[in-house]
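Starting off with a structure, shown below.
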Amino acid sequence: MSTTTVESGGLLFRPSPTPRGRPRRCGVRAQAGGADAASDDKSVDIMRKFSEQYARRSNTFFCADKSVTAVVIKGLADHKDQLGAPLCPCRHYDDKAAEVAQGFWNCPCVPMRERKECHCMLFLTPDNDFAGQDQAITLVEIKDATSKI
């Protein structure tokens, strides 16, 4: 099995394969402009504020590569809009509605709450090699990072 390595800001990321052998990636798509863009900005800003607050409360930090943080927050906002809950955007689900109802992967997910293990690399403990020093990200940073998706 081959592994794709991405270098970003001096850090190496090796995506874990999914059970089907494909590289894992966050399922986030950029929306077109217009009326939906204002609604989208509001949702993203709500998830941004939640993420900042939870990082401070849990003594965790965002990834040193802020584009990782931006994509995950955008994915959480999209799921909140589509499903009514911020379902982890970095996992595959056969039935997203059932997963939302179960609540296990709703952010912060059970592994994060119980063991501070964030699959998405949104909330990283200070000893994690990928942890940055920030517990904040701006809406502009998120929009810039996700506009290319």
Side-chain angles (χ1 to χ4, degrees), residues 4 6-16 18 23-149:
T4 303
V6 178
E7 186 170 344
S8 177
L11 300 175
L12 296 177
F13 294 91
R14 289 187 178 98
S16 300
T18 63
R24 170 181 68 178
R25 56 174 250 226
C26 292
V28 179
R29 289 185 222 150
Q31 285 186 336
D36 288 339
S39 172
D40 187 49
D41 285 355
K42 182 178 178 184
S43 299
V44 171
D45 201 40
I46 289 168
M47 287 312 306
R48 177 189 68 81
K49 290 175 183 175
F50 158 78
S51 299
E52 290 176 343
Q53 181 183 36
Y54 189 80
R56 287 189 303 271
R57 197 173 32 179
S58 63
N59 192 35
T60 57
F61 296 87
F62 295 148
C63 186
D65 180 350
K66 286 277 194 89
S67 67
V68 172
T69 302
V71 169
V72 174
I73 290 173
K74 174 79 167 89
L76 290 169
D78 288 349
H79 278 166
K80 179 97 167 106
D81 287 346
Q82 296 164 3
L83 306 167
L87 186 64
C88 172
C90 297
R91 300 187 85 70
H92 170 76
Y93 308 99
D94 289 329
D95 185 346
K96 289 182 181 181
E99 292 292 340
V100 165
Q102 183 186 17
F104 189 89
W105 293 115
N106 293 343
C107 188
C109 64
V110 172
M112 180 60 211
R113 291 187 306 242
E114 290 181 355
R115 299 181 303 277
K116 289 192 177 181
E117 294 174 0
C118 183
H119 173 81
C120 295
M121 295 179 49
L122 179 59
F123 304 115
L124 300 171
T125 57
D127 61 333
N128 187 299
D129 291 340
F130 296 105
Q133 297 179 357
D134 295 321
Q135 294 175 315
I137 187 170
T138 67
L139 183 57
V140 171
E141 287 175 298
I142 295 170
K143 289 171 76 170
D144 285 349
T146 60
S147 68
K148 301 167 188 107
I149 297 175

#### Entry: Over all atoms of both residues, closest heavy-atom pair of C88 and C120
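Where C88 meets C120 most closely, the heavy atoms are SG-SG, 3.2 Å.
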### Message
Does V110 form a side chain to side chain contact (heavy atoms under 4.5 Å, CB included) with R113? I'd like the steps, not just the answer.
### Response
CA-CA 5 Å; V110 172; R113 291 187 306 242; 3.0 Å; yes
### Message
With a 4.0 Å cut-off on N to O distance, would you call D45 and R48 a salt bridge?
### Response
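Salt bridge flag = yes for R48 with D45.
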### Task
State the CG-OG1 distance between L122 and T60, to the nearest 0.5 angstrom.
7.5 Å
### Task
Count the heavy atoms of every other residue, nucleotide or ligand shown that sit under 6.0 Å from NZ of K116, and state whether that count exceeds 12.
yes
### Query
Which distance, rounded to the nearest 0.5 Å, do you find between the CG of L139 and the CG of D144?
9.5 Å
### Query
With respect to K74, which candidate in D41, D81, D40 satisfies the salt bridge (Lys or Arg N to Asp or Glu O under 4.0 Å) definition?
D40
### Task
List the atom of K96, the atom of Y93, and the distance in Å for their closest heavy-atom pair.
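Scanning both residues, the minimum pair turns out to be CG-CB, 3.8 Å.
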### Task
Please list, chain by chain and in numerical order, all residues satisfying ring pair (Phe, Tyr, Trp, His ring centres under 6.0 Å) with F123, sequence neighbours excluded.
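So F123 forms a ring pair (Phe, Tyr, Trp, His ring centres under 6.0 Å) with Y54.
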### Task
Supply the atom-to-atom distance C63 SG to D134 CG, rounded to the nearest 0.5 angstrom.
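Interatomic distance, C63 SG to D134 CG, rounded to 0.5 Å: 11.0 Å.
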### Task
Check for a donor-acceptor pair, side chain of K66 on one end and backbone N or O of G132 on the other, with a separation under 3.5 Å.
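Checked: no pair found.
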## Note on the structure
One should read off an interatomic distance between I73 CD1 and K80 NZ, to the nearest 0.5 angstrom, of 15.0 Å
### Message
Could you tell me if the side chain of M47 sits less than 4.5 Å from the side chain of V44, heavy atoms only?
### Response
no
#### Entry: Interatomic distance, L87 atom CG to C109 atom SG [nearest 0.5 angstrom]
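L87 atom CG to C109 atom SG measures 10.0 Å (nearest 0.5 Å).
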### Task
Compare every heavy atom of F61 with every heavy atom of Q135, then report the nearest pair and how far apart it is.
CG-CD2, 3.5 Å
### Query
How far apart are the closest heavy atoms of E99 and W105, and which atoms are they?
OE1-CD1, 3.5 Å
### Minimum heavy-atom distance I137-A70, with the two atoms named
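Shortest heavy-atom contact: CD1-N, 4.1 Å.
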### Query
Going from CD on E117 to CG on L124, what distance comes out if it is rounded to the nearest 0.5 angstrom?
12.0 Å
### Query
Heavy-atom distance under 4.5 Å between the side chains of C107 and F50, does that happen here?
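Answer yes - side chains close enough.
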